[in-house]
Amino acid sequence: MKGKRLGLRKRLGLKLFKGLYDDAVERHELRTLFWECTLRCNLRCRHCGSDCRTDVQEQDMPLADFLRVLDEEVTPNVDPRRVLIIFSGGEVLVRSDIEEAGREVTRRGYAWGMVTNGMSLTRERLDGLVRAGLRTISVSFDGFPDEHNYIRQSPLSFERARQALGYIREVEGLVYDAITCVTPAMIERLEEWKEFLISEGITRWRIFSIFPAGRAKRDDSLHLNAEQFRTLMEFIRRTRQEGRISLNYACEGFLGGYEAEVRDHFYMCTAGVSVASIRVNGDISGCTSVRGNYTQGNIYRDHFWDVWQNRFTPFRNREWAHKGECADCKVWEFCRGGGMHLRDDEGELMYCHYNMLK
Amino acid sequence: MNYRWKIALLTLLGFSTAACCSTKKASKGDDKANNAIETEGIDNRVMLMYGVPMPDGSFPTPMPNEQPQIVRPGVPFPDGRRAIEMTEERAAEIMEMIKTEEAAKAEIVKEIDGVPFPDGRVAIVMTEERAAEIMEMIKAEEAAKEKK
């Protein structure tokens, strides 16, 4: 087992990569823009980071408001071919104008993609989205029916997600992946689950584990313990070596000796560096996983591009996070305090992946 | 140390480009056993937790990328070149070109050890010892920067 230990070769690689990351921070070239277009959802998942609701407490952002920002603030300052727009939620398919949004974004030269739970993705809806320029899609698929439906709290959700992935695979040229949120119940069944995915013809797979935010904060049954986390890392490492399915661990945190073994890249948090989001209420932030109070502006008050260029200091200079358990950490220079989504409103680290590898 | 040097060193260390190994290039043993130079294709990817893959199958990355991520037939690049539609034949040709180029590069890597560059510097193949030396250099450089 690899654990926390970093070999010399990897340490040197990380040192070099650190320099590249610093350059990227300096340039802060916008490459991914999330549009949190709704907080409404047709499920009520136990681990939801957004605390989405089926009822309407926060109105969807009108498409025109998003397009105004795109036209007045973003497009004049970027090459649209180099920026990916991601529609996120909530569940984006609860909006009836997603196809229109896609067409408008495509017309402006951007590629776009979306994350979905698959509940409303019929073959007809998918055709419409593809015609509207959909280029890439990710579907949440958390395990066998018992495990998936438990997390999603719906008896239909497994079959719908499976069906959605089936339709998606049939669309030539559409890039996709299945995303599995691994819970303790799935740890012993990972090999089985991998075989199932392969037998379903799925070629790209992404795994993440729960971090304490949103509803998951209150549900201990979703959190992996240290031993389970190590088991998961070993599983991913082994699966990548086999090369039968492309598998990555999400950008959760720094992973010590597992760096470059469970992901295609060294760890980095790109929130606010190359990733921005426009929240449903107009707030401007890093990626949509960041739930802490790190809002940098609001599209209804500020100029998006001005905010992107001149604010985002907490995202781009992490010295403020060099405290608490990070203060004396040996890998601070590589980790920089973990992902922004792992920090609470007070800036405290809620979860350290590296320390889970003891 | 400039960008190209960093990338070159990362490649020599087995992390082909800063974004390092792809699935099949993932380390298969301990660090010492994996000192071999890998020259397989560049894989410049970063994955977002709740994001989606880029349309070309990769993931968004903050690393410099000379080519636009999305290439549509007939759309001019900023430098005036035009994208062409990819066909099976064209893809096969490009694959061949890449393979030939990589084979040539691998040969060069074998041969360059100790050979001087025109500016007098000498190319060396990365070893554990050399890596340790570079590490020391970086530390010294950083310490000097901090003093400043």
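Just so it is clear: chains get the letters A, B, ... in the order the sequence lines come, proteins before strands, and each one is counted from 1.
Within the 4.5 angstrom heavy-atom criterion, atoms from both the backbone and the side chain of A/Arg11 approach chain B. Within the 4.5 angstrom heavy-atom criterion, only backbone atoms of A/Tyr176 (N, CA, C, O) approach chain B. For a residue to count as touching a neighbouring chain, one of its non-hydrogen atoms must lie under 4.5 Å from one of that chain's; by this rule A/Leu12 touches chain B with backbone and side chain alike.
A/Glu26 CD: 12 or fewer foreign heavy atoms inside a 6.0 Å radius.
Here CE of B/Met135 is found 8.5 Å from CG of A/Leu14. Values are rounded to the nearest 0.5 Å. One finds the CD1 atom of B/Ile138 at 4.5 Å from the CG atom of A/Leu16 (value rounded to the nearest 0.5 Å).
Between A/Lys18 and B/Glu142 there is a salt bridge, since at least one side-chain N of the basic residue sits less than 4.0 Å from a carboxylate O of the acidic one.
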